[in-house]
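Before any comments, here is the structure.
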Amino acid sequence: MKRGIAWIACCALLLCALLMPAGALADFGSFAGDSDYGSSSDWGSSSWDSGSSWDDDYDSGYSSGVVIFGGGGGGGGFGMLVVLALLIVVFVVMKNRRRSGSQPVQNAGAARTDAFRLRPMEEYSAEDPGFDGAALQEKLSNLYVQMQNAWQDKDIEPIRPYLTDALYAQMDRQLDAMRKAGRTNFIERIAVLGVELRGWYQSGDNDRVVASIRTRIVDYTVEDASGTVVSGDRNRELFMEYEWTLIRPQGQKTGEAAPMQSVHCPSCGAPLSINHSAKCPYCDSVVTLNEHDWVIYEIKGIAQRSAN
């Protein structure tokens with residue numbers, strides 16, 4: 001009987017923990033948090049692959065629970081029924097969290113793309129003689145800063161041309177939760193420490209480039225009404241590593257004359273400066289660069305380290 005009561009108490013504590021609000025994550029896409037994650041390594045080392053997703057951790061833990069309770073005995077029939085009921089509630093809560101987005105939809109501490117999938121960037125010149133890797137690295141460095149500023153402003157429409165429609169919608173949903181909660185995520189003292197184009201591959205009708213982005217930021221979230229810091233730290237520096245996957249239609253060539261940012265509205269044909277807005281000023285159509293230049297298809301949080 002005592003053993004059954006102990007199991008009930010453990011499950012009750014677990015349920016209470018699960019019903020508590022998830023730990024706050026912040027920065028663009030919600031990758032920075034109060035706890036460090038990922039494995040330390042030198043730039044480009046494959047040992048960063050040791051990170052695991054939240055889904056993996058949950059599946060593993062739940063399976064262990066089934067084995068423990070399935071092999072029990074002597075706990076009392078009523079106690080076992082209560083334990084099973086609690087497990088069902090835990091399962092439903094966790095499942096709903098994954099569906100509703102209470103947990104981050106991306107992976108914090110995710111695995112790098114396997115190196116064996118990637119072809120050297122030097123080989124991409126055969127596909128596109130005008131491709132300039134250094135120019136793309138500089139562009140991604142600048143874009144990272146723009147993304148953080150847009151996130152802090154709670155308006156990511158200015159960077160919409162640089163994201164796929166699906167990624168934009170995902171990021172805007174996360175930001176909308178911040179708007180509704182009346183909070184602002186501040187990302188300050190931004191420094192891009194390095195951008196590495198790890199390699200490329202082809203999938204479907206697209207070319208894909210995988211890039212590692214290493215940065216330093218100060219990240220904290222403030223309640224708008226009171227000005228109170230509700231997560232993060234105004235003085236703590238975070239060293240972040242992300243993996244971005246960029247896509248472009250297969251066969252697309254880098255323009256030799258006009259810069260990539262000079263495009264025409266697909267609806268009315270008006271010339272546009274894509275740096276200024278994601279909307280055509282003449283007909284209000286949303287313009288993306290997916291048919292003109294590289295856009296971000298996926299962002300992973302690989303690792304976070306606190307400086308203090």
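Of all the heavy atoms in Ala303 and Gly38, the pair that sits closest is CB-CA, 4.0 Å. When all heavy atoms are compared, the tightest approach of Met147 to Ile296 is SD-CD1, 4.0 Å. Asp233 and Val218 make their closest contact through O-CG1, 3.5 Å (heavy atoms, listed as atom of the first residue, atom of the second, distance). Nearest approach of Gly33 to Arg236, heavy atoms of both residues: O-NH2, 3.1 Å. Annotation for Phe239 and Ala307: closest pair CE1-CB, 3.5 Å, computed over non-hydrogen atoms. Here the shortest heavy-atom pairing between Ala110 and Ile302 reads O-CD1, 3.6 Å.
Within the 4.5 Å cutoff, the side chain of Leu163 has no heavy atoms near those of the Gln170 side chain. Counting heavy atoms from C-beta on, the side chains of Leu246 and Leu140 come closer than 4.5 Å. Contact check for Trp200 versus Glu123: side-chain heavy atoms found under the 4.5 Å cut-off. Looking only at side-chain heavy atoms (C-beta outward), Val210 and Thr245 come within less than 4.5 Å of each other.
Between the CG atom of Asp293 and the OG1 atom of Thr254 there is a distance of 7.5 Å, given to the nearest 0.5 Å. Remark: Ile217 CD1 to Leu193 CG distance equals 10.5 Å, nearest 0.5 Å. With rounding to the nearest 0.5 Å, the separation of CG in Asp34 from OG1 in Thr221 is 9.0 Å. Residue Asn206 holds its CG atom at 9.0 Å from OH of Tyr297, rounded to the nearest 0.5 Å. Remark: Arg160 CZ to Glu157 CD distance equals 6.5 Å, nearest 0.5 Å.
Phe131 and Trp294 have perpendicular rings, their planes meeting at more than 60° on a 0 to 90° scale where under 30° would count as parallel.
Clustering ILVMFWY residues whenever any of their side-chain heavy atoms sit less than 4.5 angstrom apart, transitively, puts Leu118 in a cluster other than the one holding Val209. Linking Ile, Leu, Val, Met, Phe, Trp and Tyr residues whenever their side-chain heavy atoms come within less than 4.5 Å places Val145 and Trp151 in a single cluster. Taking hydrophobic clusters as Ile, Leu, Val, Met, Phe, Trp and Tyr residues chained together by side-chain heavy-atom distances below 4.5 Å, Trp244 shares a cluster with Tyr124. Cluster annotation: Phe186 is not connected to Leu238 through the hydrophobic network of ILVMFWY side chains, with a link wherever side-chain heavy atoms come within less than 4.5 Å.
Formation of a donor-acceptor pair under 3.5 Å by the Asp27 side chain with backbone atoms of Ala32 is found in this model. With hydrogens and angles disregarded, no donor-acceptor distance shorter than 3.5 Å links the side chain of Asn185 to the backbone of Gln152. The main-chain N or O of Ile190 is never found under 3.5 Å from a side-chain atom of Gln148 such that the two would form a donor-acceptor pair. At least one donor-acceptor pair under 3.5 Å links the side chain of Lys154 to the backbone N or O of Arg183. In terms of modelled atom types and a separation under 3.5 Å, the side chain of Arg198 and the main chain of Thr113 share a donor-acceptor contact.
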What's the verdict on side chain to side chain contact (heavy atoms under 4.5 Å, CB included) for Arg234 and Val222, showing C-alpha distance, side-chain angles and the deciding distance?
CA-CA 10 Å; Arg234 296 178 187 269; Val222 170; 4.1 Å; yes

Worked verdict on Phe31 versus Ile299 for side chain to side chain contact (heavy atoms under 4.5 Å, CB included)
CA-CA 9 Å; Phe31 294 97; Ile299 301 175; 3.6 Å; yes

Between Arg248 and Asp128, does the side chain to side chain contact (heavy atoms under 4.5 Å, CB included) criterion hold? Intermediate values first, please.
CA-CA 12 Å; Arg248 187 174 76 168; Asp128 179 10; 2.9 Å; yes

Go through it in stages, so that I can follow the logic: the residues are Ile159 and Phe28, the test is side chain to side chain contact (heavy atoms under 4.5 Å, CB included), and I'd like the CA-CA distance, side-chain angles, deciding distance and then a yes or no.
CA-CA 12 Å; Ile159 61 167; Phe28 183 92; 3.5 Å; yes

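Atom OH of Tyr220 has more than 12 heavy atoms from other residues, nucleotides or ligands within 6.0 Å. Taking a 6.0 Å sphere around CD of Glu188, one finds it holds more than 12 heavy atoms contributed by other residues, nucleotides or ligands.
Screening Arg305, Arg112, Arg216 against Glu241 for a salt bridge (Lys or Arg N to Asp or Glu O under 4.0 Å) leaves a single residue, Arg112. Each of Lys139, Gln137, Arg214, Glu138 was compared with Val195 under the side chain to side chain contact (heavy atoms under 4.5 Å, CB included) criterion, and only Gln137 meets it.
The pair Glu298-Arg208 fails the salt-bridge criterion, with no side-chain N (NZ, NE, NH1 or NH2) lying under 4.0 Å from an Asp/Glu carboxylate O.
For the residue pair Gln304 / Asp36, a side-chain donor-acceptor distance below 3.5 Å is found, with atom types taken as modelled. Residues Asp207 and Gln202 bring a donor and an acceptor atom of their side chains to less than 3.5 Å of each other.
Every side-chain hydrogen bond (donor to acceptor under 3.5 Å, both in side chains) that Arg179 has, sequence neighbours left out, goes to Asp172, Asp176. Applying the side-chain hydrogen bond (donor to acceptor under 3.5 Å, both in side chains) test to Arg173 and every residue at least two apart in sequence or in another chain returns nothing. Take Pro129 and apply the side chain to side chain contact (heavy atoms under 4.5 Å, CB included) test, not counting sequence neighbours, and it matches no residue.
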